[in-house]
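Predicted, not measured: the structure shown is a model, and the values here were computed from it. Lettering follows sequence order; numbering is per chain, from 1. Hydrogens, waters and symmetry mates play no part in the numbers below; they use all other heavy atoms, side chains included.
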Amino acid sequence: MSSSAPKSEEELLGRCAEIAGMELSQLARGLNVTVPANLRQHKGWVGQLLERALGASAGSLSEPDFQLIGVELKTLPLNRHGQPRESTYVCTVPLRAVGERWEDSWVRNKLSRVLWLPVESEPDIPLGRRRVGQAILWSPDEEQARILHRDWEELMEMISLGKIEKITAKQGVYLQIRPKAADSHVHTHAIGDTGEQVLTNPRGFYLRTRLTAEILNSAHRQTAKTRG
DNA sequence: AGCTGATCATAT
DNA sequence: ATATGATCAGCT
């Protein structure tokens with residue numbers, strides 16, 4: 001249960017193997033962290049606990065969680081059937097960016113290498129008793145990358161044309177845009193429909209469970225094949 | 001029941 | 001205000 005930064009993907013996966021199957025209360029005890037009664041006022045607690053357990057380094061900076069090896073850590077809350085319960089936050093939407101290229105985008109860079117860490121998340125399991133699952137080190141395959149790229153282009157085009165208020169969470173196959181702020185009264189600058197600056201609620205890019213469920217399934221198929 | 005829009009905590 | 005970590009909860 002060390003907390004220094006892993007120096008290779010192998011080292012990172014080794015640590016994940018050590019904590020797989022452990023309960024959150026065990027991890028918390030080892031790190032001298034208190035387990036809250038629930039997540040209502042501690043929504044990021046599980047993610048932050050696992051960052052510490054695995055030696056993630058970036059904190060709240062705009063850097064990969066494991067800077068040395070360029071890997072992003074994402075916990076994946078699972079229901080009783082082993083399916084994702086929630087969408088996955090990726091990053092803030094750049095509401096003033098015009099002419100940004102997909103190749104240079106935060107979305108593409110953050111998603112180029114992700115360590116998915118499934119965690120039991122059924123509400124009837126007490127927080128401390130929820131177990132960590134088997135980690136999945138993932139990069140988008142060709143089709144996933146193509147779909148993410150297309151979603152991003154459509155959404156970013158609307159933003160650059162001043163159509164931010166027209167964007168709904170219903171858009172996008174894998175990637176969607178939703179509010180991302182303390183509340184709906186927080187404001188930031190965006191592009192208006194005549195190119196002027198307007199105020200709007202900050203937004204974030206999120207991955208639909210359609211994609212994360214796919215990632216889980218292909219990892220399981222891979223495991224079954226290896227065992228077979 | 002699933003999804004979208006809203007919200008909570010913390011660091012800089 | 002903006003970034004990180006996300007989940008909540010009302011509506012369809």
- [ ] Enter the distance from A:Leu111:CG to A:Ser139:OG here, rounded to the nearest 0.5 Å.
- [x] 10.0 Å
TODO: To the nearest 0.5 Å, tell me how far A:Phe205 CZ sits from A:Trp152 CH2.
DONE: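 Taking CZ in A:Phe205 and CH2 in A:Trp152, the distance rounds to 7.5 Å.
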Open item on the list: To the nearest 10°, give me the bend of the helix from B:dA1-C:dT12 to B:dT12-C:dA1, comparing the axes of its five terminal pairs at either end.
Closed with: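 It comes to 30° between the two terminal axes.
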To the nearest angstrom, how far is [X] atom [atom1] from [N] atom [atom2]?
X: A:Tyr89; N: B:dA9; atom1: OH; atom2: P; result: 18 Å
X: A:Asn38; N: B:dA9; atom1: CG; atom2: C1'; result: 13 Å
X: A:Glu51; N: C:dA3; atom1: CD; atom2: P; result: 17 Å
X: A:Phe205; N: C:dA3; atom1: CZ; atom2: P; result: 12 Å
X: A:Asn79; N: C:dC8; atom1: CG; atom2: P; result: 14 Å
X: A:His189; N: C:dA1; atom1: NE2; atom2: P; result: 9 Å
X: A:Arg203; N: C:dA6; atom1: CZ; atom2: C1'; result: 18 Å
X: A:Leu39; N: C:dA9; atom1: CG; atom2: P; result: 11 Å

Open item on the list: Can you list everything that forms a ring-ring contact (aromatic ring centres under 6.0 Å, His included) with A:His42? Sequence neighbours excluded, please.
Closed with: none
- [ ] Quick one: do A:Trp138 and A:Gln144 satisfy side-chain hydrogen bond (donor to acceptor under 3.5 Å, both in side chains)? Show the steps, please.
- [x] CA-CA 11 Å; A:Trp138 170 85; A:Gln144 290 166 343; 3.3 Å; yes
Open item on the list: Closest approach to the side chain of A:Arg40, judged atom by atom: which nucleotide of C:dA9, C:dA6, C:dA1 is it?
Closed with: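 Side chain of A:Arg40 sits closest to C:dA9.
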Task: Any donor-acceptor pair under 3.5 Å from A:Lys170 side chain to A:Gln176 backbone - done: no
Open item on the list: Go nucleotide by nucleotide along DNA chain C from the 5' end; which of A:Gly44 and A:His187 gets its closest nucleotide reached first?
Closed with: A:His187
Task: Position toward the 5' end of DNA chain C (nearest nucleotide), A:Thr188 or A:Leu73 - done: A:Thr188
TODO: Sequence neighbours left out, what passes side-chain hydrogen bond (donor to acceptor under 3.5 Å, both in side chains) with A:His220? Give chain and number order.
DONE: none
TODO: Decide whether A:Ser87 and A:Arg178 meet the rule of one side-chain donor and one side-chain acceptor closer than 3.5 Å.
DONE: yes
Open item on the list: Starting from A:Val46, can I reach A:Val35 by hopping between I/L/V/M/F/W/Y residues whose side chains sit under 4.5 Å apart?
Closed with: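 Yes, A:Val35 connects to A:Val46 through the hydrophobic network.
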Salt bridge present between [X] and [Y] (N-O < 4.0 angstrom):
X: A:Glu23; Y: A:Arg131; result: no
X: A:Glu11; Y: A:Arg15; result: yes
X: A:Arg80; Y: A:Asp124; result: yes

Task: Stretch residues 93-124 of chain A: residues that reach within less than 4.0 Å of DNA chain B through a heavy atom - done: none
N/O donor to acceptor pairs below 3.5 angstrom from side-chain atoms of residues 157-168 of chain A, sequence neighbours left out:
from: A:Ser160; atom 1: OG; to: A:Met156; atom 2: O; distance (Å): 3.2
from: A:Ser160; atom 1: OG; to: A:Glu157; atom 2: O; distance (Å): 2.9
from: A:Glu165; atom 1: OE2; to: A:Thr200; atom 2: OG1; distance (Å): 2.7

Task: Sequence-aligned protein contact record of nucleotides 1-6 of chain B, with B where the base is within under 4.0 Å of a protein heavy atom and S where only the sugar-phosphate is - done: ---BBB
- [ ] Ignoring backbone atoms, test whether A:Gln41 places a side-chain nitrogen or oxygen under 4.0 Å from the OP1 or OP2 oxygen of B:dC8.
- [x] no
Open item on the list: At less than 4.0 Å, is any side-chain N or O atom of A:Thr92 found next to OP1 or OP2 of C:dT4? Yes or no.
Closed with: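 For A:Thr92, the contact criterion (side-chain N or O under 4.0 Å from OP1 or OP2 of C:dT4) is met.
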